[in-house]
Amino acid sequence: MADVKTDLVVIGGGIMGLWAALHAARAGLEVLLVERATIGAGASGGLLGALMPHTPDRWNDKKQFQFDALVSLEGEIRRMEAETGLSAGYRRTGRLIPLAKPHLREIALRQVADADVNWRSGEGGFAWRVLDAAPDGLFSLDVAVHGAVYDGLAARVSPRGLLRLLASVLVKMPGVTIREGCASTTIDPLAGCVVLSDGTVVHAGHIVLAAGVESFPLIDSLPILAGGVARPASGTGVKGQAARLAVDLDPALPILYSDGVYVIAHDAGGVAIGSTSEVDYADPLSTDHRLDDLLVKAERLVPALAGAPILERWAGLRPRAIGRDPMAGPHPDHPRLHLLTGGFKISFGIAHRLAQAVVEGIIARPSYESDDIALPLSFRCESHLSP
Ligand SMILES: Cc1cc2nc3c(=O)[nH]c(=O)nc-3n(C[C@H](O)[C@H](O)[C@H](O)COP(=O)(O)OP(=O)(O)OC[C@H]3O[C@@H](n4cnc5c(N)ncnc54)[C@H](O)[C@@H]3O)c2cc1C
């Protein structure tokens, strides 16, 4: 196989890799994205697509980053939808959280003032309202006894719809090549070289590693530089299971969320139910009794789900950096290697901004001598990987 040269090679065709390729192409870089299987073969190809804000209290730079990302995502999606005629199934539905205990209502009431201050943007503010009662007939009688919170910032998207949209925009952009069915087998970050499963050697100015959970063993096996230090393990996979049910719920309905259970009506029909969080599992990609238990819990929360036929059962591995926050930016030892992973449960709402920050770092700081990526400190690789 011939050697190829490119400005940037992106490893992984999930939500992180696709946004990275898009921002890089917009910045005029020549981009090769390699995906071992097919676009969305990893955690990004799931069913749920919740874009859930953090609570508006105890504000910090991470919450601000996520807030700005959640506000800006709609414009990004609408722009690509207008360009392609495709839909990402995005809607700012808001979210309803039933309040089962009096102290939860007290906390929620205090957060109203926090939202007034912290959930403001150029587009106006987003509501965090405490309702005396949830809308009739939505929740079981015993779950919303102290009312409900309505959060007007939460939104949802079709995960597969958004990946399709991104890929269809990318393939039309000059300088972009997407190769599915092609894995990176070796990364040499010092030489800026990636060897692919078909034997091609890619010489790249920069490498973005966005291989989801599979990024972690690759990061952990990077060579320690002479005089360098051993770095801690970078991350792990947390299994999640979800399902899609055939229920006739209004797609404009807010996300219903309680005690780890999400109920999300989608524009294309069907209602997604998520998700389990499993650190112990035998098979990362199969569904089992834990999903059945989750469905029972969801029915207890929302009686309209009872007896609904299951359209799909799905499982995937969420990449979670050991530091729990997403991990983005240049590797501390290898400035041409940029990590973009670890988003855990909030990736879809922030991937475009994380990827943008990584690409801005590539464009603006070819020598990586400055330290100006606009990322919260705890998202940066050096925070995750300091010995
Ligand atoms: C059940 C469940 C529900 C979830 N719900 C939500 C939700 O509601 N909202 C939300 O924001 N997030 C949610 N998440 C989390 C979210 O799906 C992940 O955080 C996100 O998809 C991770 O994206 P990624 O691009 O980092 O990784 P991935 O999507 O896993 O992409 C990595 C890609 O890299 C490819 N790859 C791996 N190794 C190589 C290699 N050597 N060469 C080339 N390609 C390679 C893989 O095939 C894969 O396609 C959920 C996850 C699960 C499992």
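Just so you know, ligand 1 is whichever comes first in the structure, and atom 1 is the first atom listed for that ligand.
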- prompt: Between Arg156 and Asp267, is the closest basic N to carboxylate O distance under 4.0 Å?
  reply: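 A salt bridge is present here (some side-chain N lies under 4.0 Å from a carboxylate O).
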query: Can a donor-acceptor pair be found between the side chains of Gln241 and Asp288 at a distance below 3.5 Å?
result: yes
query: If we ignore angles and hydrogens, is there a donor and acceptor under 3.5 Å between the side chains of His203 and Asp3?
result: yes
query: What class does the angle between the rings of Phe65 and Phe379 fall in, given that below 30° is parallel, 30 to 60° is tilted and above 60° is perpendicular?
result: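 Because their plane-to-plane angle is over 60°, the rings of Phe65 and Phe379 count as perpendicular.
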message: Using a 4.0 Å cut-off on heavy atoms, what residues surround ligand 1? Order them by chain and number.
response: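 Around ligand 1, where the cutoff is 4.0 Å for heavy atoms, the contacting residues are Ile11, Gly12, Gly13, Gly14, Ile15, Met16, Val34, Glu35, Arg36, Ala41, Gly42, Ala43, Ser44, Leu48, Gly49, Ala50, Cys182, Ala183, Ser184, Ala210, Ala211, Gly212, Glu214, Gly240, Gln241, Ser275, Trp314, Gly316, Arg318, Pro319, Phe344, Lys345, Ile346, Ser347, Phe348.
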task: Determine, stepwise, if the pair Asp280 / Lys239 fulfils salt bridge (Lys or Arg N to Asp or Glu O under 4.0 Å).
output: CA-CA 8 Å; Asp280 293 318; Lys239 180 176 174 177; over 6 Å; no
- prompt: His331 and His338: aromatic ring centres closer than 6.0 Å?
  reply: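 Centroid separation for His331 and His338: 6.0 Å or greater.
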